[in-house]
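Heavy-atom basis, side chains included; hydrogens, waters and symmetry copies ignored. The sequence lines fix the lettering, A, B, ..., with proteins before strands; numbering per chain opens at 1.
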2 protein chains.
Amino acid sequence: MINIANIKEIAKMAKVSVTTVSRVLNNHPYVSEEKRIAVEKAIKETNYQRNINAVHLSKGETKLIGVVIPYANHPYFGLLVEGIANEAVKNNYKLVLFQTNYEEQREREALEMLKLKQIDALIFCSRNSRFKIIDKYMVYGPIILCEDTRGKNISSTFIDHYKSFSQALNYLYNKGHRKIGYCLARRTGSNSSSREKAYHDFLQKINEPFEPNYRFYDCLNFEDGQEVIRSLNAMSNPPTALLVTSDQVAAGILVCCKEKNIAVPDELAILGFDNQPIAQIMKLTTFDMPLINMGNNLLHQAIHPLVVNHEELYVKLIERETV
Amino acid sequence: MINIANIKEIAKMAKVSVTTVSRVLNNHPYVSEEKRIAVEKAIKETNYQRNINAVHLSKGETKLIGVVIPYANHPYFGLLVEGIANEAVKNNYKLVLFQTNYEEQREREALEMLKLKQIDALIFCSRNSRFKIIDKYMVYGPIILCEDTRGKNISSTFIDHYKSFSQALNYLYNKGHRKIGYCLARRTGSNSSSREKAYHDFLQKINEPFEPNYRFYDCLNFEDGQEVIRSLNAMSNPPTALLVTSDQVAAGILVCCKEKNIAVPDELAILGFDNQPIAQIMKLTTFDMPLINMGNNLLHQAIHPLVVNHEELYVKLIERETV
DNA sequence: TCTTGCTCTGAAACCCGTTTCATAATCTAT
DNA sequence: ATAGATTATGAAACGGGTTTCAGAGCAAGA
């Protein structure tokens with residue numbers, strides 16, 4: 001029984017106007033019981049389905065939320081999207097996924113879709129485009145970021161990475177570490193900058209020199225741990241502790257340590273981030289990040305764009321055996 | 001400069017009919033150079049953008065492809081989606097993601113969106129609904145599956161899991177193993193069934209008894225390896241080799257083995273599937289699955305639904321150190 | 001009794017493109 | 001020279017809903 005009827009036919013069948021049918025469909029008040037029942041009967045009999053594109057055209061909304069992520073294939077974004085998706089289901093929204101590989105062109109496409117009203121709102125889980133560009137598109141619909149935007153006119157759910165990185169550094173300091181390195185996913189980006197700033201401020205506070213070699217970038221996946229250990233091995237004065245902003249990478253490092261007989265945590269302490277399942281099984285000390293929660297929240301902000309609000313979520317230290 | 005103009009205004013400005021504007025927008029032939037330039041000028045001046053929802057209503061297509069996955073947060077589906085997404089970008093399509101957690105209700109929503117023409121085609125990376133239900137929706141648009149559908153009237157890109165599982169079993173057999181267990185992601189599903197059938201046929205062929213304890217289900221993530229090793233430890237007569245249909249799980253098992261001093265591969269051989277990065281770093285022997293490729297192909301079939309076609313892709317053994 | 005204010009209803013305007021059809025002008029081939 | 005194809009153009013129909021507006025019926029308050 002292929003889709004056939006349109007609202008006119010329903011109106012004819014129920015002997016009412018299309019307006020009344022539309023009212024029934026949208027649960028408007030001011031429809032008499034009698035006519036409502038007649039319309040519902042006609043709908044049932046014809047197996048009528050609204051043409052959703054017509055609805056979109058009329059209403060100018062699509063019930064679609066854009067989600068920008070650099071890689072679909074990474075547990076951090078996996079969890080974030082999971083959180084967004086679950087909340088979307090609850091609220092009868094669907095997601096349009098933009099996998100960008102951090103190409104600005106892809107991000108621009110997402111923004112353009114917002115402009116064209118093909119999506120109702122846009123969530124940036126991570127971005128490469130400058131803020132200025134994103135700002136230009138804010139008139140077209142809600143845009144939500146997943147980074148600290150306090151002081152800016154754009155809503156977000158975020159973790160204060162300056163704060164949590166500082167917390168992590170202090171934790172290592174209290175465990176006696178003075179030579180601390182770190183691994184970041186990328187060189188640029190709001191979150192990375194916050195962390196680097198925290199690092200520099202920390203060094204200053206404890207009065208230790210800045211060692212450029214102690215920084216590692218492009219640490220994204222399990223396999224990136226190899227390169228870190230390789231570099232460490234080549235150092236005459238390697239760090240005694242490593243802050244690793246992804247449990248995947250931390251796990252990769254850990255495996256390499258075992259292989260190369262580097263004692264963890266005695267020779268090298270490893271502190272992860274995310275508290276992914278892999279951290280649990282590998283007994284990784286890590287900072288729990290409420291990613292699912294964060295996803296929930298992001299979607300909520302996207303569909304209830306009442307006011308600009310910045311929602312901070314907090315990390316929690318999970319002590320296990322690598323520090 | 002908020003969106004303002006519509007096609008009528010452009011027509012007025014360029015002193016042509018809306019039809020001609022539409023022709024220019026859609027690169028129809030039969031527009032004189034002169035008018036084409038006038039229209040393009042008006043478009044540029046007003047910064048005109050087509051209302052995409054009106055286009056959808058008119059054309060009955062959306063340039064949106066639905067992608068059904070159970071979990072966003074799993075490397076198998078991550079790679080598959082990555083492959084689909086990359087090909088989508090190339091062809092100017094966007095993806096609508098349906099994360100189902102294997103709930104039929106979610107799968108149904110995706111199918112309904114196809115019916116409502118809110119998406120042009122639908123790709124099932126994995127499904128829970130019976131084939132019969134999916135079949136009912138095939139009149140509404142292309143549906144592509146990621147499983148062996150040969151003999152069925154529905155397109156797919158797939159790996160013959162019967163074949164590859166048999167290949168894996170034979171490989172272990174030739175290495176001297178007779179007591180072989182396996183870990184699957186779920187109890188039901190087309191791929192799992194093929195593998196179980198391969199297993200049974202293999203046992204019969206080599207004339208070994210069927211040992212129900214050697215089967216493990218719900219092995220999806222890294223942490224699920226723990227439970228497998230726990231069970232194995234409690235067995236008086238455990239398998240000497242394990243076929244693990246996800247490198248994540250295999251890696252989890254491997255880590256647990258190290259922890260419990262189970263020698264791999266001497267005491268327990270582990271054979272993974274997928275050839276994820278984690279397999280490389282952990283020196284896991286595994287079957288490479290062309291997931292990105294598969295994703296590319298799935299999208300291609302979705303947007304070029306000319307005829308029913310079943311595209312088989314092949315696994316490739318990667319010998320490392322766990323068998 | 002007269003106003004005011006609900007409740008209920010439908011005609012018509014609106015959202016905004018695409019496509020069909022009719023017509024005219026200009027070529028091409030016989 | 002003439003039938004037939006090709007190029008070029010716009011009016012109008014179409015896709016299918018939502019929303020505005022005007023009007024009718026009826027009840028409550030002044």
* In whole angstrom, what separates L57(A)'s CG from dG17(C)'s P? -> 9 Å
* To do: Select base, sugar-phosphate, or nothing to describe what V16(A) touches, counting heavy atoms under 4.0 Å on all strands.
  => sugar-phosphate
* **Counterpart residues, ring-ring contact (aromatic ring centres under 6.0 Å, His included), relative to H300(B) (two or more places apart)** => H304(B)
* How long is the line joining CG of N6(B) and P of dA13(C), in whole Å? -> 17 Å
* Heavy-atom neighbours of R130(B) CZ exceed 12 at 6.0 Å -> no
* Do any N or O atoms from the side chain of H310(A) and from the backbone of K152(A) form a donor-acceptor pair under 3.5 angstrom? -> yes
* Structure fact -> Whole-Å distance, K12(B) NZ to dC16(C) P, equals 13 Å
* **Out of dA11(C), dT9(D), dG16(D), whichever nucleotide has its closest atom nearest the side chain of T20(B)** => dT9(D)
* Asked: Is the backbone N or O of E82(B) less than 3.5 Å from a side-chain atom of N86(B), with the two atoms forming a donor-acceptor pair by type?
  -> yes
* Structure fact -> Judged by nearest nucleotide, the residue sitting upstream toward the 5' end of DNA chain D, H28(A) or A54(A), is A54(A)
When you compare the protein's N or O atoms with those of nucleotides 20-28 of chain C, which come within less than 3.5 Å of each other, and at what distance?
none

* Between E40(B) and K44(B), does at least one N-O distance fall below 4.0 Å, as a salt bridge requires? -> no
* Carboxylate-amine/guanidinium proximity below 4.0 Å for E109(B) and K94(A) -> yes
* Asked: Using 4.0 Å as the upper bound for N to carboxylate O, is an ion pair formed by K12(B) and E9(B)?
  -> no
* Which part of the nucleic acid, if any, lies within contact of N26(A), taking any heavy atom under 4.0 Å across all strands shown: a base, the sugar-phosphate backbone alone, or nothing? -> sugar-phosphate
* **Atom-to-atom span, CD1 of I7(B) to C1' of dG15(D) - whole angstrom** => 15 Å
* Structure fact -> Per nearest nucleotide of DNA chain D, the residue lying toward the 5' end, S17(B) or S58(A), is S17(B)
* Asked: Are E104(B) and R127(B) within salt-bridge range, i.e. N to O under 4.0 Å?
  -> no
* Structure fact -> K8(B) NZ to dC15(C) C1', in whole Å, measures 9 Å
Between protein and nucleic acid, restricted to nucleotides 5-8 of chain C and to nitrogen or oxygen atoms under 3.5 Å apart, what atom pairs and distances do you find?
from: dT7(C); atom 1: OP2; to: Y30(A); atom 2: OH; distance (Å): 2.2

* N51(A) CG - dG16(D) P separation (whole Å) -> 6 Å
* **Verdict with reasoning, E87(B) to Y93(B), per side-chain contact (heavy atoms from CB on, under 4.5 Å)** => CA-CA 8 Å; E87(B) 197 68 13; Y93(B) 277 83; over 6 Å; no
